[in-house]
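Here the structure is laid out as structure tokens; the discussion comes afterwards.
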Amino acid sequence: MPHQPRKRFGQNFLQDGNVIADIVAAIHPLPGERVVEIGPGLGALSRPLLAALGRLDAIEIDRDLAAALQEEFAPALNLHLGDVLEFDFPALGADLRIVGNLPYNISTPLLFHLAKFAGDIRDIHVMLQKEIVQRMIAAPGDSNFSRLSVMVQYRFSVELLIDVPPTAFKPAPKVDSAVVRLLPLRPLPHVARDEKLFARVVAAAFSQRRKTLRNSLSSILTAADFVQIGIAPTARAQELSVAQFVAIANFLAQTGTAVLTSSPSE
Ligand code: SAM
């Protein structure tokens with residue numbers, strides 16, 4: 001019986017051969033590389049990836065799909081049944097290449113999860129909702145510049161590679177999609193001494209994005225602090241660069257005045 005797509009697992013399967021070929025060409029898989037596919041589904045990407053690589057690791061949450069994939073591709077496919085949000089990527093080694101047509105319902109938490117393992121990752125090629133991609137690549141001052149932009153750009157360079165219309169999938173999603181490449185920045189151009197504190201500062205600033213920083217960060221920064229950091233208290237979160245967010249976090253880490261209690265939800 002054909003597989004019935006499960007909405008709760010964000011199952012929109014790629015069916016357009018040209019798009020599949022473009023994605024694989026962008027990844028440019030070479031034998032011997034350690035490629036990890038997130039959500040292989042019915043194998044639209046796994047098939048050409050395996051043809052190029054000879055072996056592939058993949059993480060799939062849907063038991064039925066996992067069983068069918070095992071049957072078709074074992075032993076070349078090393079399938080990990082489970083939730084990618086709990087997956088320990090470094091257990092597979094270093095220099096990992098992460099790929100996938102992601103389940104859109106978990107894409108933001110997944111990006112935060114992957115960021116934790118950036119040291120073990122060579123690159124990431126993923127299909128995402130176009131709207132999320134626009135936030136990931138937005139520059140300070142753009143209307144799409146958001147918490148996600150800062151957190152992703154702190155650790156990665158991001159490039160939009162391919163625009164993908166809904167018709168490339170079955171069932172067709174209601175939104176446009178795009179494939180992006182993320183490359184871990186090595187070394188980091190701006191280092192937050194306390195990355196949890198940095199994440200909290202960014203979350204606090206964007207939680208009231210229309211307010212000036214003087215207002216949104218009033219519980220942690222005084223007027224004198226703004227002068228010392230060199231940032232205008234009348235600026236809004238959307239106008240600050242990653243470097244400026246890092247400067248605020250490092251100032252707070254150094255002065256020990258960080259009293260941000262709410263932890264950013266990931
Ligand atoms: N790669 C296939 C393709 O392009 O046709 C399927 C892509 S589909 C958008 C997303 C896939 O991720 C589905 O196979 C789904 O079951 C799987 N998935 C959803 N949530 C997951 C999770 N938390 N962990 C691992 N896989 C997940």
Side-chain angles (χ1 to χ4, degrees), residues 1-27 29 35-53 55-74 76-92 96-117 121 124-133 161-181 265-266:
M1 212 173 63
H3 177 79
Q4 287 301 317
R6 295 187 165 116
K7 231 180 170 172
R8 72 176 185 284
F9 291 148
Q11 290 179 351
N12 300 95
F13 300 109
L14 271 170
Q15 59 159 7
D16 183 322
N18 291 329
V19 171
I20 294 168
D22 287 349
I23 296 172
V24 175
I27 298 168
V35 177
V36 187
E37 186 185 1
I38 298 169
L42 298 169
L45 291 172
S46 330
R47 215 163 277 119
L49 287 172
L50 272 167
L53 292 159
R55 70 160 192 177
L56 178 70
D57 281 281
I59 307 148
E60 175 57 62
I61 200 168
D62 186 316
R63 279 177 191 282
D64 297 338
L65 291 178
L69 288 161
Q70 293 270 41
E71 200 175 305
E72 183 177 351
F73 298 116
L77 180 72
N78 186 17
L79 194 94
H80 307 268
L81 177 65
D83 185 347
V84 66
L85 294 178
E86 285 164 21
F87 193 75
D88 179 26
F89 282 89
L92 296 179
L96 303 176
R97 305 196 68 198
I98 312 286
V99 306
N101 168 17
L102 300 189
Y104 295 164
N105 48 348
I106 60 160
S107 51
T108 305
L110 183 54
L111 291 169
F112 281 101
H113 185 61
L114 289 173
K116 288 185 225 157
F117 308 119
I121 293 175
I124 301 175
H125 292 81
V126 281
M127 173 101 70
L128 292 158
Q129 194 174 328
K130 178 89 185 272
E131 194 191 312
I132 300 276
V133 171
L161 300 177
I162 309 167
D163 282 309
V164 184
T167 48
F169 306 86
K170 198 171 174 190
K174 291 199 176 67
V175 293
D176 286 328
S177 304
V179 177
V180 275
R181 175 185 291 139
S265 56
E266 289 190 353

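Start at 1 and go down the list; that is how both ligands and their atoms are numbered. Everything quoted here is computed from the prediction, not taken from an experiment. Note that these values count all heavy atoms, side chains included, but never hydrogens, waters or copies made by symmetry.
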- Query: N/O of L14 under 3.5 Å from N/O of ligand 1, yes or no?
  - Reply: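 Looking only at distances, the answer is yes, because the N/O contact criterion of under 3.5 Å is met.
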
- Query: Is any N or O atom of E60, backbone or side chain, closer than 3.5 Å to an N or O atom of ligand 1?
  - Reply: yes

Heavy atom of the protein closest to [atom] (residue, atom name, distance):
atom                    : result
atom 23 (N) of ligand 1 : D83 OD1, 2.8 Å
atom 19 (C) of ligand 1 : F9 O, 3.0 Å
atom 6 (C) of ligand 1  : G39 O, 3.4 Å
atom 24 (N) of ligand 1 : V84 N, 2.9 Å
atom 20 (N) of ligand 1 : P103 CG, 3.5 Å

Report, in ascending order of atom number, the atoms of ligand 1 lying under 4.0 Å from any heavy atom of [X].
X   : result
E37 : 1 (N)
Q11 : 13 (C), 15 (C), 16 (O)
G10 : 8 (S), 9 (C), 10 (C)

- Query: Measuring from the heavy atoms of G100, does anything fall under 4.0 Å of ligand 1?
  - Reply: no

- Item | Any L102 heavy atom less than 4.0 Å to ligand 1 | yes

- Message: Quick one about H3 and D64 (side-chain donor to acceptor, distance below 3.5 Å, no hydrogens or angles considered), yes or no?
- Response: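 No, because no side-chain N or O of D64 sits under 3.5 Å from a partner of the opposite role on H3.
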
- Inspect the surroundings of CD in E131 and state if more than 12 heavy atoms from other residues, nucleotides or ligands are less than 6.0 Å away.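 12 or below, so no.
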
[X] and ligand 1 - part of the residue with a heavy-atom distance under 4.0 Å:
X    : value
N105 : neither
S46  : neither
L85  : neither

